[in-house]
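Report on the following structure.
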Amino acid sequence: MYADVIVDIASGEVDRIFEYRATEDCYEGSRVTVPFGVKKIDGIVMALKENPEFDKNKVKDILKVIDDVPALTREGLEIVRFVKERYHVTTALALRLMLPSEMRKGKVKAKNAVFYTLNPAFSSVEIISRTGSRAPAQKGIAEFLAKEGRCRSAELREKFGDSAVRAMLAKGFLSEITERENRNPYLSLKKESKAVDLVKAQKNAIETILSRPDGTTLLHGVTGSGKTEVYLNLIKSAVDEGRTAIMLVPEISLTPQMLSQLRARFGSAAAILHSGLSNGERFDEWWRLRTGEARIAIGARSAVFAPVENVGVIIVDEEHDGSYLSETNPRYSTLEIASFRAKYNGCRLVLGSATPSIESFVRAESGVYGLVGMPDRINKMPLPEIEIADMRKEVRRGNASAFSLALRSELKKTLDEGNQAMIFLNRRGYSQTVICQECGYVVKCQSCDVSLTYHLDSNVLKCHYCNATYKMLTACPECGSEYIRYGGTGTERVVQDLKKTFPEARILRMDNDTTRNKEGHFKIINEFASGNADILVGTQMIAKGHDFPSVTLVGILDADMSLYFSDYRSRERTFQLLTQVAGRCGRAEKKGTVVLQTYNPENPVLRFAVNYDYDGFIRSEVELRRATGFPPFADIVRVMVESADDAKALEVLKAVCTETENIRSENPDEFIFFGKMRSPIKRVQNKFRYQVLMRIVSGKRKIVDSVYIIAGKYRTKDVNVYVEENPNNLN
Ligand code: ADP
Ligand code: ZN
Ligand code: ZN
């Protein structure tokens, strides 16, 4: 047999496929080591075949098959092919999605543990009798192992001393066993197991979903309606059938909570995959799934590639969330991959949300998806009342702080009653901009066309686009003035203000800056959940999914923030975010209150959100999108052209534009909009950015494919050209 081996997955730019002579233990999907010039490198077997295309006599042998089990399953290879064709990327790049990075680099190895047993060549009675009474430690070892069977080397040495173990080894009384051992993340996780009687709505949802053995169902359940319990039951039914399950959540911060529930029910059959784990942990969890030792994969977006076979159910929680769209190459849609896998496995795909995306809503309405609703909270409590604080009035009253009087007094009440509050602001750092009061100079990043954010913790200015840090200014570089103003409050400043007003309160902050450490999310969530803090301040990380029963107040500091973006999705995002954030409180017996601060109290989106009127909102939004030709009735396709060389970028832009124009003139009716321009953020990381922006009648794959092909044609070392479909932002 001969193998097509793809080598050098790390580079990813081009596919380097070579033929090798395969060994017996080599399968499609195996990781192998092959000779490559004078070097040896690792690769993946993409296909096996009887005859090589190349001269048989010149084909070299595969040196080694790395794993006993091929790293990629048959389905995995199909996913690679799908991703490659759908997103026009190299096989190497598609493969990266399927393998944990530590496996591509080959740095992480399986961790082995050494155990000792009594040497089976002797009976235990004999060993015990032959260890003299003058060596009590050795006798102890003999008796201990006779009873326990085996013990980890380190443990045995700790118990009985190093020299006793050595002596026993020298006498030949001990046998050594080396076994693969898994590094287990989140061992400190509390197992939450509340046996519950399902309520009627949950039973109905489970039955409805189970009655459709394949296909997609949208589970539309308000916050606190008990969707998690539905998911757990669906997973159980898949596992009972001997199949596997994939459970996706939108945020890494939500994985520990879900994992603890899965562990409580399914023990070590649940495995977690996400980027916050150590390399070793991720490697082990991945292999546990691959070998079938673990059968339930939980994680954020990338877990949709979990190496499980015979999948019985795929669940995407908070399906509307923007995080399900990858913003780095390959720019895949998690829902597309999930739906590919569901079809491949002939299994159920469940999309859950309190605020389904317009795309999913329209599909459910038209019968493409099944639909099941859970309109009430489990506790029968009404959804928390949302009080609007008009910040224009606050300003007129002379209140220049980030907190309205209403929010302040609600906070005080909450703290006095010993309850917890969450304060939401989707902006990290201390202040979004730093401005000279004299001349209006705004401090910007040297490599990007964006203003710098001041971070109090580290006393530096940071660029949120390229992560560059700069020294904080003492004076304006333009005019020398020392009067510097901080514009746009961030989470750090909110905490500082809260500390001043409520010096007794214990405050936690959760944002990208406080969750960098390993298990960082988990620690903060745990602190707050166990009542070790009164107020949790955070960005969108705290908006989603969390279930803290003692939270009775949610403050939304700047409800307008996302409305200012000129994106077609801003209304939808705002509605979803407000509903999600509001949904964090009043989840147990205690009633919840939400204070929503805004400068636009009349805005219809806020009105819909305050009344929890998803139906009203979505229907008006669908009509607007239909009338104006936006998704889901059109696809936005953006070709980005980026280069450090402005002239070159412009040149490529023109060429791309000319070619796409040709497609448009051949398909005039399919194009709703076409334009070329500088991107709104003109420069990021010293690269100038241009774009061709199109809106194409939805579902015209052929046209979109040809746009991808044009982009690929002009991509060079100096000029990056790539395509985005319905991206999260159009900056
Ligand atoms: P959602 O994901 O829909 O926002 P959750 O699944 O987090 O809601 O459920 C909300 C709360 O209700 C949780 O604390 C959960 O433990 C509880 N819960 C769910 N189902 C039941 C049930 N059948 N009986 C009692 N409590 C339940
Ligand atoms: Zn100045
Ligand atoms: Zn920058």
Side-chain angles (χ1 to χ4, degrees), residues 192-206 219-234 247 249-250 254 257-258 260-261 264-265 315-319 350 352-356 372-381 383-384 434-453 460-470 473-485 529 543-551 579-590 592 681-687 689 731:
E192 282 175 30
S193 177
K194 287 177 264 178
V196 294
D197 292 326
L198 297 176
V199 300
K200 212 165 127 212
Q202 288 171 323
K203 280 191 199 141
N204 172 52
I206 295 164
L219 173 61
H220 180 193
V222 298
T223 57
S225 60
K227 294 188 285 295
T228 316
E229 198 58 45
V230 173
Y231 302 151
L232 292 170
N233 275 272
L234 296 172
M247 165 92 224
V249 294
L254 290 169
Q257 182 176 330
M258 196 65 218
S260 85
Q261 306 210 25
R265 279 196 213 185
I315 296 162
V316 184
D317 191 23
E318 317 283 5
E319 61 88 28
V350 178
S353 178
T355 51
V372 49
M374 300 209 294
D376 302 308
R377 282 197 152 179
I378 281 283
N379 56 10
K380 295 281 185 300
M381 295 277 274
L383 289 157
V434 175
I435 311 155
C436 169
Q437 290 219 7
E438 299 276 332
C439 74
Y441 173 84
V442 176
V443 193
K444 284 194 163 187
C445 177
Q446 282 165 12
S447 325
C448 310
D449 176 35
V450 293
S451 59
L452 294 176
T453 301
V460 291
L461 295 164
K462 274 191 201 162
C463 171
H464 286 184
Y465 277 78
C466 71
N467 289 324
T469 58
Y470 299 83
L473 304 176
T474 46
C476 171
E478 289 286 300
C479 73
S481 160
E482 285 170 19
Y483 293 97
I484 287 173
R485 190 162 65 81
K544 305 167 192 171
H546 298 291
D547 188 29
F548 303 115
S550 298
V551 172
T579 311
Q580 284 296 327
V581 183
R584 292 317 108 214
C585 75
R587 293 174 70 86
E589 301 80 44
K590 299 169 190 164
I681 296 182
K682 299 180 193 71
R683 199 168 51 109
V684 169
Q685 284 187 291
N686 280 323
K687 296 218 170 76
R689 308 168 82 229
N731 290 340

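Both counts, for ligands and for their atoms, begin at 1 and track the order of listing. Note that the structure is predicted; figures quoted are calculated from it, not measured.
Near Asp197, the atoms of ligand 1 lying under 4.0 angstrom from a non-hydrogen atom of the residue are 22 (C), 23 (N), 24 (N). Counting atoms of ligand 1 from 1 in the listed order, those under 4.0 Å from a heavy atom of Val222 are 3 (O). The ligand atoms of ligand 1 that sit less than 4.0 angstrom from a heavy atom of Thr223 are 4 (O). Atom numbering of ligand 1 starts at 1 in the shown order; those under 4.0 Å from a heavy atom of Arg587 are 1 (P), 4 (O), 5 (P), 7 (O), 8 (O), 10 (C).
Using a distance-only test at 3.5 Å, with no hydrogens or angles considered, no donor-acceptor pair links the side chain of Asn204 to the main chain of Lys200. No donor-acceptor pair closer than 3.5 Å links the side chain of Lys444 to the backbone N or O of Val450.
Within the structure, the closest approach of Val230 to ligand 1 does not fall below 4.0 Å when heavy atoms are considered. For Gly221, the closest heavy-atom approach to ligand 1 does not fall below 4.0 Å.
Between atom OG1 of residue Thr355 and atom CD of residue Glu319 there is a gap of 8.0 Å, rounded to the nearest 0.5 Å. The distance from atom OH of Tyr470 to atom CG of Leu452, rounded to the nearest 0.5 Å, is 6.0 Å. Taking OG of Ser225 as the reference point, atom CZ of Arg377 lies at 9.0 Å (rounded to 0.5 Å).
Inter-residue side-chain proximity for Lys682 and Arg689 is flagged as unmet; no heavy-atom pair is nearer than 4.5 Å. Side chains of Cys436 and Cys479 form a contact here, defined as non-hydrogen atoms less than 4.5 Å apart.
Comparing Ala201, Ala354, Gly224 by heavy-atom distance to atom 4 (O) of ligand 1, the nearest is Gly224. Remark: among candidates Asp547, Leu198, Thr228, the nearest residue to atom 5 (P) of ligand 1 is Thr228, based on non-hydrogen atoms. Between the choices Ile378, Val199, Leu232, the shortest heavy-atom distance to atom 17 (C) of ligand 1 belongs to Ile378.
When non-hydrogen atoms are compared, ligand 1 lies under 4.0 Å from the side chain of Gln202 (C-beta onward) but not from its backbone.
For Thr223 and Arg584, the side-chain atoms include no donor-acceptor pair closer than 3.5 Å.
Residue-environment remark: CD (Glu482) stays at or below the threshold of 12 foreign heavy atoms within 6.0 Å. The environment of Lys687 atom NZ is sparse: at most 12 non-hydrogen atoms of other residues, nucleotides or ligands sit within 6.0 angstrom.
Here the angle at the Zn ion (ligand 2) defined by SG in Cys479 and SG in Cys439 stands at 110°, rounded to 10 degrees. Here the Zn ion (ligand 3) is the vertex; the SG atom in Cys448 and the SG atom in Cys463 give an angle of 110° (to 10°).
Polar contact with ligand 1: present for Gly226 (N/O pair, distance under 3.5 Å). Checking only distances, Ser225 does come within under 3.5 Å of ligand 1, N or O to N or O.
When distances to the Zn ion (ligand 3) are checked against a cut-off of 2.8 Å, Cys445 contributes an N, O or S atom below that limit.
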